[in-house]
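Only one structure is covered here, and it is reproduced in the block below.
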Amino acid sequence: MRLDRRTLVAAAAAMLSGGAQARAETVPAPGTNLDVIDLWPGLPPGGGGPIAADGRFDESRDGVISNVARPCLLVMRAPKPNGAALLVAAGGGYRRIDIGNEGIPVARWLATVGITAFVLIYRLPGEGWAAGADAPLQDVQRALRLVRAGAVTYGIDPERVGVLGFSAGGHLMGEAAMRASAETYAGLDASDALSARPELAGLIYPVITLLPPFDRTSTRRILAGDPPDPVKASAYSVETHVREKAPPTFLAQAADDPIAVVDNSLLMYAALRGALVPTELHLFERGGHGFGLGVPGSPAAAWSGLFLTWMRRRGFLRA
């Protein structure tokens with residue numbers, strides 16, 4: 001049988017397409033091979049949750065998580081641990097969690113500098129949890145206690161456990177830092193006798209306020225409603241909870257951020273400074289939103305080195 005050029009080209013394209021599809025199907029989702037720590041021994045406080053969830057959560061090939069039925073931690077061990085640990089919360093507007101961009105790559109980077117990273121897969125308030133807007137804060141408080149309880153197992157110093165959050169994850173980690181004393185759930189075991197206060201917080205292009213005129217975010221719509229409940233909007237605005245004993249806080253954001261406008265970081269910096277909380281703020285002219293570690297060589301990519309320097313200066317990194 002004789003094949004013309006058009007037939008050969010079509011056959012080659014089909015083979016290439018099939019090969020690419022096969023390769024894509026064999027590539028594991030981000031975080032697949034990491035150790036997992038379930039946060040709760042049974043149903044999370046209050047119960048509820050997504051009906052269609054299969055397993056712990058659903059994850060796309062590029063690391064976008066939804067349908068979180070069993071909140072957990074993904075553990076990225078450092079080859080040469082220095083005793084420090086950071087909980088990492090990726091963003092996604094509380095509608096999803098983008099660990100492919102802001103979770104696993106950041107955890108991998110932290111591990112290279114000796115920091116044991118715990119990527120937090122937290123409950124999404126809109127997925128039917130009875131605890132509603134408090135569900136993610138319950139998860140991060142429980143996670144901080146479990147990390148401290150596992151200090152010997154993971155080779156970390158329980159006095160050097162911090163948090164690092166991006167976008168809506170920055171809102172969550174801001175809440176964890178500023179509302180550490182809030183009793184959001186009844187204790188379940190010995191781990192819950194440990195502190196839920198992070199020693200420091202890194203908030204990268206965070207959503208901070210849910211109040212006008214900077215309230216046009218998915219975070220506000222999920223946590224305070226649409227139209228917003230003014231009481232909830234104030235209660236879940238991180239800057240309203242800043243107190244004198246809050247943990248030292250590092251802030252970084254691009255001035256051209258179209259989603260969590262730069263006023264979020266400015267409001268938080270002003271609140272921290274007013275309460276005499278040690279804080280450092282870095283603003284970059286360009287970078288937009290969701291830059292993660294940043295494009296190498298771009299101005300916004302400098303945040304990671306600045307954050308390491310800040311942690312060393314505070315004694316959080318000792319090697």
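The first residue of the sequence shown is numbered 1, and numbering continues consecutively from there.
If you check the side chains of His282 and Glu280, you find a donor sitting under 3.5 Å from an acceptor. Looking at Asp229 and Tyr236, their side chains never bring a donor and an acceptor atom within 3.5 Å of each other. Between the side chains of Arg179 and Gln141, no donor N or O sits under 3.5 Å from an acceptor N or O. Inspection of the Glu239 and Tyr269 side chains reveals no N or O donor paired with an N or O acceptor under 3.5 Å. Side-chain contact of Thr116 with Arg77: a donor-acceptor pair under 3.5 Å is absent, judged by distance alone. Under the 3.5 Å distance criterion, with hydrogens and angles disregarded, a donor-acceptor pair is assigned to the side chains of Gln253 and Asp257.
Without hydrogens or angle criteria, Ser265 side chain to Val262 main chain gives no donor-acceptor distance under 3.5 Å. With Arg145 contributing its side chain and Ala193 its backbone, the two residues share no donor-acceptor pair below 3.5 Å. Side chain of Tyr122 to backbone of Ala90: a donor-acceptor contact under 3.5 angstrom is found. Side-chain atoms of Thr309 come within 3.5 Å of backbone N or O of Gly305 as a donor-acceptor pair. A distance-only check finds no donor-acceptor pair linking the side chain of Arg61 to the backbone of Ala29 [under 3.5 Å]. With hydrogens and angles disregarded, no donor-acceptor distance shorter than 3.5 Å links the side chain of Asn101 to the backbone of Asp98. The backbone N or O of Gly169 sits nowhere less than 3.5 Å from a side-chain atom of Ser167 that would complete a donor-acceptor pair. Between the Asp35 side chain and the Met76 main chain, no donor and acceptor come within less than 3.5 Å of each other. Panel note: side chain Thr240, backbone Ser234; a donor-acceptor pair is recorded below 3.5 Å. Within the 3.5 Å criterion, the main-chain N or O of Gly93 finds no donor-acceptor partner in the side chain of Arg96.
Side-chain contact between Leu211 and Ser237: present, with at least one pair of heavy atoms (C-beta onward) separated by less than 4.5 Å. With contacts defined as side-chain heavy-atom distances shorter than 4.5 Å, the pair Asp263/Ile208 does not qualify. In this structure, the side chains of Leu164 and Met173 stay at 4.5 Å or more apart for every pair of heavy atoms. Under the 4.5 Å side-chain criterion, counting only non-hydrogen atoms from C-beta, Leu34 is in contact with Ile104. In this structure the side chain of Met178 never reaches within 4.5 angstrom of the side chain of Arg243, judged on heavy atoms. Using a 4.5 Å heavy-atom threshold, the side chains of Asn82 and Ile115 count as touching. With a 4.5 Å cut-off on side-chain heavy atoms, Ile121 and Pro71 do not count as touching. At a threshold of 4.5 Å between non-hydrogen side-chain atoms, the residues His171 and Pro206 do not count as touching.
Salt-bridge formation is not detected for the pair Arg286/Asp256: no Lys NZ or Arg NE/NH1/NH2 atom is positioned less than 4.0 Å from an Asp or Glu carboxylate oxygen. Under a 4.0 Å N-O distance rule, the pair Asp215/Arg221 does not qualify as a salt bridge.
Linking Ile, Leu, Val, Met, Phe, Trp and Tyr whenever their side-chain heavy atoms come within less than 4.5 Å leaves Val64 and Ile222 in two separate clusters. Residue Ile97 is grouped with residue Val75 when hydrophobic side chains (ILVMFWY) are merged at heavy-atom distances under 4.5 angstrom, including chains of intermediate members. Taking hydrophobic clusters as Ile, Leu, Val, Met, Phe, Trp and Tyr residues chained together by side-chain heavy-atom distances below 4.5 Å, Leu74 shares a cluster with Leu144.
Between Trp40 and Trp129, the distance separating the two ring centers is not shorter than 6.0 angstrom.
The aromatic rings of Phe250 and Trp310 sit tilted, their planes meeting at an angle between 30° and 60°. The aromatic rings of Tyr154 and Phe118 sit perpendicular, their planes meeting at an angle over 60°, well past the 30° parallel limit.
Atom CG of Leu86 sits about 12.5 Å away from atom CG of Leu120, to the nearest 0.5 Å. Atom CG of Asp134 sits about 9.5 Å away from atom CZ of Arg123, to the nearest 0.5 Å. Of the inter-residue distances, the one linking Leu110 atom CG with Leu293 atom CG reads 8.0 Å to the nearest 0.5 angstrom. Put simply, CD1 on Ile204 and CZ on Phe307 are 6.5 Å apart, with the number rounded to the nearest 0.5 Å. One distance of note links CZ of Arg314 with CG of Leu200; it measures 7.5 Å at 0.5 Å rounding. Atom OG of Ser191 sits about 5.5 Å away from atom CZ of Arg142, to the nearest 0.5 Å.
In terms of heavy-atom proximity, Leu223 sits nearest to Ala133 at CD2-CB, 3.7 Å. Residue Leu146 comes nearest to Asp38 through the heavy atom pair CD1-O, 3.9 Å, listed as atom of the first residue, atom of the second, then distance.
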Test Arg312 against Leu308 for side-chain contact (heavy atoms from CB on, under 4.5 Å), laying out the working first.
CA-CA 6 Å; Arg312 288 193 182 98; Leu308 286 180; 3.8 Å; yes

Would Ile37 and Cys72 satisfy side-chain contact (heavy atoms from CB on, under 4.5 Å), going step by step from the backbone distance to the final call?
CA-CA 5 Å; Ile37 303 173; Cys72 59; 5.9 Å; no

